Structure formats: C-alpha cells, structure tokens
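Here's the structure, in structure tokens; my notes come after.
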Amino acid sequence: MARKTATMEAGTGAPVERVPGLERLPAGPALFVGRRTELAALRAAAARPAEGRSPVLVLAGRPGSGRTALAVRFAVTVAGQYPDGVLFARLSAPDGGRVPPARAARRLLEQLGADTADVPLPGAAGDGRDDPACVALRAALAGRRVLLVLDDVRDAGQLWPLLADEPGCLVLATTAGPLTGIEDIDPVILGGLDRTAAAELLGDLVGGTRIGCDPVGAADLAEACGSQPAALRLMAGRLRGKPELAVTEAAKELLRAVAEAGKVEPDRATAKDPEGAKEPAEAADPPAGKGKGERGKGRRGAVVTASEPAAAVAPPAEPARDPAAWVRPGPEPAEPVPVPDNDPLVGAFTLAYAGLTAAQARMLRALTLAPAQSADPRTASALVGCPAPEAATTLAALAERELLAEEPPAADGTARYRVPGRLHPRLVRLREREDRPAEIELARARLLERLVRLTESARSLLDPSEGAGPDPLPGPLRLKSAAHAREWLLGERDPLLGAVADAIGQGDLDGSAGRLVTALLRSLPLTGAAAPADLHQLHELVLTVAERHGRPRRASAALLNLGDLQAAAGRWEQASGHYRAALEHARTADDEALCARALEGAAGCHRALGDAVRAADWYGRALGVRQSMGDQAAEARLLARVAEAHAAQRRFDEAEREYRASLSVLRRIGDERGREAVAAALAELRERASTGW
C-alpha cells in the first residue's frame, strides 16, 4: 500500500535524507492522516528558546491513540534541523516492563558511534543521573544538535538522567501517563481523530468507494471506535478481510463486542476505566455544545499548561540553573497504563482476533514469547514449528490486519514485526487460556535452540579457525557471510540477551539457556563491538544458573570473569568482592587453579588500591598454590609481584630476594624475555635503594 504524503512540510535545515539515524525510527503506519493541530503545537514548542538543558516535548495519550506514529511523523518533519542525527529508544517493554535509563543510555551512545567499551559498568546505585552510561551520553551530546525520540516513557526517573546540558538538542518523549516532576513540560495531549480525519483514514485503509458509498456507516464506525487510530485500523483490517461485511454492520458488531467485553470481566480493575487509564484531558467535561459524535474533536490538539486544571505536570518552581533542580523527587514509578475492558480498542481486537485462522491466531499468541515481543521469520518459525517461508506469510497477514507493527527491517532486508504493547496483555491472557503449558514450554525450547544454532553459525562464520561449525541451517534461515553474521549478532543483541534473561528467570530451560549464554560469550567479542555491560550481564546469568544447580566450579569461573570486567573498569572494590566470592566457590570445588586465579585477582585489587601489605599477603597465598601445582611460569610471575609489594613497603632486602628467586625460576624454564624484564626491575630496585628512595 502506498505511503500517504506527509501532512506537514519538512523543517528547514539539512536535507532529511542526509540526516543519520532516521532509519532507526519505527516504520510507522503506511497511512497517516490528521493531527495538523498537534504537529503545529509540537513545532511551536520546539521553536521556543531553551536555556541550560535540552528542551523536552511530551506527547501524552492512552494506548492506541497513535502517539508513537505522531512522534515519528514529527521527527521526520524536523530532522533537517538536527544534522548530527536522530536517536531512538523505547523505554518500556511491550509487557509494560520499565527499561532502566542506564541501558537506554548505552544503546543511545552506540547510535552516536561512541565506544561503549570505555564506559564503566553500572555502579551499585544503578540508574540515576550519576550512572556512568548516562554521564557519558550527556557528555557525548555536548556541542551537538541531535534529536532524541524516547518512546513510551513510564516515569520521569527514566527521562531526566538522559537530559543533556545542551540546548541545541531536542528530546521528544511519548507517554501514556503524566511525567510528574520535570520542570517546564507542557504536554501535547492526544484524543481521538476528528470526524474528517477518521473518515479519511477509513477510506484510505478500506477503499474510498466502500466508505464513500456509506458515509453514515463510516461515521457510526468512527464513533464506535472513539475515533482512536488503533481501533480504526483494526476495524479497517476486518473490513478488508471480509468484503461482504457492510460498514454499518461492522459498527454494530464493534458496539456489541465492547458491551460484551464490559460484561465478561466486570470485576477487573481495568474494566472500571481507572482515572490513570483515561486520556489526561478527559478529567474535564467536554465543552458545551459538543455532542457525542464530536467527543474526540473537542479534545484534539489540547496543549496543557501548568495553569490549566488538567495539567499532567506539577506547577513550575522558580527557574533554576542547577541540573539537580530540573527534577523534583517524585513517587515510585507508576504501573503501566492499562487498556480498560470497555475500551473500543479491546472490542476491535476481539473482532479481529475472532477472524483469524487457527494458524494465524496461534502465531499471534506465540509471538508474546519472542524476545522483546519482536520477531522475524527465523524466530517466528521456531516458536510455532513451521517452515520459515510459511512463518513469513503468516506474519505479513497479521500485519495486514493491523495486529502486528512493522519494525525496521534487519540488516539483510528480512522483515521484522513487533506485538504492539497495547495488545500484549490481552494476547498473554489468550495464550494462557488456549495453549497448554507443555506447548508453551516446547515453543520456548524450540526458540532457544534456534537462537543457539544461529549464534553458533555466526561464530563459525566470524572465526573459521575455531573449527567446523554446526550443521548448516535450512536455506531461508542461513547466515550468508561473516559480514551478515556480524550484522545479525549486533542487530539481534538485545533480543538475544532478553531471551537468555527470560529463560534463566523462569528456570525451567537452564540447559538451552546455558548453551545460548556460552554461544554469545564466544560470539559477541568476535564482532569487535561487545559492550562490557553485555558481557557482565551474561556472566551474571551464568552465575545464577551455576548457583541454582550447585555447580561451584562454574560459579567460581563466572565470578572470576565478573571480577575481571570490574577490574578492567577500574572498580577495584567491586572486583575484589567478586574475587573473594570466587575463592569460596573454588575451595568448595577443590579446584587449585581457580583458587590461584581468585587469590591473584584479589591481590591485584589491593595493589591497585595502594594497600601493599595486603597485596603481598594475597600474592604470597597465590604463590603457595601455584608452587603446589608445579606451575613454574606462574610461580616466577608471582615472585616478581611479591617483590613489587615488598618494594612498595621499602622492604628492599625482601624485595631483592624475591626478584632473585624469580630470576632463578625463569632461568630454569628458559624464559629469556621474562628474565630480561625481571633483571631490569631488580636493577631499578637496587638503584633506588642506593639513592635512599
């Protein structure tokens, strides 16, 4: 279907096609109508002069109001004014889960082209404004003109750590609820489309002749949908799938479905249409003279200011330059805004779902098990156990019925789809009711095994020297080259990490999840873009499984790797804690090699912290273990480390004795390079001792 012409002209600045990052935005609907007033309000707000920090525009609307589509459309119209690029992050999972700002900051940094390997790991405090990734993002935005589109923000605590002290950037955030606490935000609140736009959308989606021949039925259907874009699209999909269905009858069907939905589950909190689930502007009565049919039109385009009673933000405080004053302490993050059972969106979904074939309905339910509820034919075919071409056809059919949102395609052009967050809770409920637990577990197991094979296939393409790869995948699933493998790994990194975390969190598929963790730990570093935070997450998952199954050797190895990552980030206290924990597990496993590694790691932390006494003690303990193992190379290295610790305490005689012992071992094993290094250190020690250092 052809994409409709934009309703607003592109802003002045660089040509839109030359602005980097536009391809990261969601694909958006193929047809977009109306919203001229809202677009104008956003443009006017963006044009206001900003001081001190990046200006923030907020689009607030209930699920199904089209806030993401409008944000994308606005971003395209103004992208030319931000030549340094467009960044995009989704701050809520489809199931309503809250994405930590530190994780969002790391992904935004990668979109900027920053090397996240230099960004320290998150601290114990986690996701505040002082998180290393958030600090690095704000520093990277300094002096740039960048447009940040943050979709589905849950609370102000996610947003404010990402706000840079750079008025040349612009932040556009969409949300279903108020972002209480951030100063100087006047949200643009979305209601339904006006009558003209609703009729135009139906005509474009269904066919102008069919809608034009029944204007009364089209008006009735738009009113039954509450003029909500999502509900209108679902009903348009139903009409396209049933050419014999009259538009008027479709409106009646929807009204009946909404009424039935309200009766089936009247005890649910969502059926009561709680205040938090309403559009923010619904708190006020509609203007006098507005009839039921103009309900959406009366609210359209409202720009709420702090002086209006329906304001979604706290009254502004006195202007302050201190960034800490931009955000006031607020309540704990709110629960996701639900879609009430008597909402037209629920009725439209009920009808759309009822019109699916058994295979389509099964696929739609199964996609709620996909990582981040995002899938392509490779993963979708594994979930339902069908060939990839068949899965591709089913996915396209579901998207045609407006039940899936199109995502930007993969690097190789493979189509990608996502379960809309507004439909996710309903589909989970249907899955739990219609699919047996054994079927769900089997689907999850097939998915994990498919991801393991794809990841191992990517590794074998990136590093053929590792030996023979796994058995080739079927043609439609196969990764074609090393470049394709790298692009697939990096493009699917978040879903892959999410799949592992979900599986290990549920604890029933630890075998498959463990194989996927191992495959990722071997594959991601081969891309050259493995973020320490991702490796840290994977090793933590290994530790969880090892401790759950009582495997102290594996737990010790995971803790050693975590310690190494913390040490590489210069976080010596945290690294020392990991090494000490690794030592306890290694002792339980009676593994001398792991004990020695843990002792040496802890000694290195004391050395870096300037505690030479403890460093000498721990190096000495590691030395004793290596000597008992007969590891002469490690013995020579540790003797030199003990000598350095003695020298730091001005115990020059003891230091010289250890250096000489190290030289003796190195001579015995024939390590000439090592002998030269230790001899140089010994000569330096003698020179410093002779000068009274």
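The shown structure was predicted, so the numbers you read here are calculated from the model rather than taken from an experiment.
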Could you tell me the separation between the [atom1] atom of [X] and the [atom2] atom of [Y], rounded to the nearest 0.5 Å?
X: Trp488; Y: Leu461; atom1: CH2; atom2: CG; value: 11.0 Å
X: Ser576; Y: Arg571; atom1: OG; atom2: CZ; value: 13.0 Å
X: Leu497; Y: Leu520; atom1: CG; atom2: CG; value: 6.5 Å
X: Arg597; Y: Leu560; atom1: CZ; atom2: CG; value: 4.5 Å
X: Leu367; Y: Leu427; atom1: CG; atom2: CG; value: 8.5 Å
X: Leu489; Y: Arg493; atom1: CG; atom2: CZ; value: 10.0 Å

Check whether any side-chain heavy atom of [X] lies under 4.5 Å from a side-chain heavy atom of [Y], and answer yes or no.
X: Leu162; Y: Val171; answer: no
X: Val542; Y: Leu521; answer: yes
X: Gln360; Y: Leu364; answer: no
X: Leu538; Y: Asn561; answer: no
X: His585; Y: Glu547; answer: yes

Pairs satisfying side chain to side chain donor-acceptor pair (under 3.5 Å), at least one member in residues 509-521, at least two apart
Glu449-Ser512, Glu449-Arg515, Asp510-Arg548, Asp510-His549, Ser512-Arg515
How about [X] and [Y]: does a side-chain donor come under 3.5 Å of a side-chain acceptor?
X: Asp151; Y: Thr68; value: yes
X: Arg486; Y: Thr527; value: no
X: Ser381; Y: Arg450; value: yes
X: Ser460; Y: Asp463; value: no
X: Ser374; Y: Arg416; value: yes

For Glu407, salt bridge (Lys or Arg N to Asp or Glu O under 4.0 Å) partners two or more places apart:
Arg90, Arg418
Please check if atom CD in Glu573 has more than 12 non-hydrogen atoms from other residues, nucleotides or ligands closer than 6.0 Å.
no
Who pairs with Phe349 by ring pair (Phe, Tyr, Trp, His ring centres under 6.0 Å), at least two apart in sequence or on another chain?
Tyr353
Salt bridge (charged side-chain N to carboxylate O under 4.0 Å, His left out) contacts touching residues 549-562 (sequence neighbours left out)
Arg553-Asp591
Out of Arg98, Arg67, Arg422, which residue meets the salt bridge (Lys or Arg N to Asp or Glu O under 4.0 Å) rule with Asp152?
Arg67
Whether Thr588 side chain and Glu584 backbone form a donor-acceptor pair below 3.5 Å
yes
Could you walk me through whether Arg107 and Asp494 pass the side chain to side chain contact (heavy atoms under 4.5 Å, CB included) test, one step at a time?
CA-CA 10 Å; Arg107 297 301 178 247; Asp494 282 349; 2.7 Å; yes
Once side-chain contact (heavy atoms from CB on, under 4.5 Å) is applied, do any residues pair with Ala415, and if so which ones, sequence neighbours excluded?
Tyr417
With sequence neighbours excluded, what pairs up with Cys595 under the side-chain contact (heavy atoms from CB on, under 4.5 Å) test?
Leu583, Ala586, Arg587
Decide yes or no on side chain to side chain contact (heavy atoms under 4.5 Å, CB included) for Thr174 and Val153, but give the supporting numbers first.
CA-CA 6 Å; Thr174 72; Val153 178; 5.9 Å; no
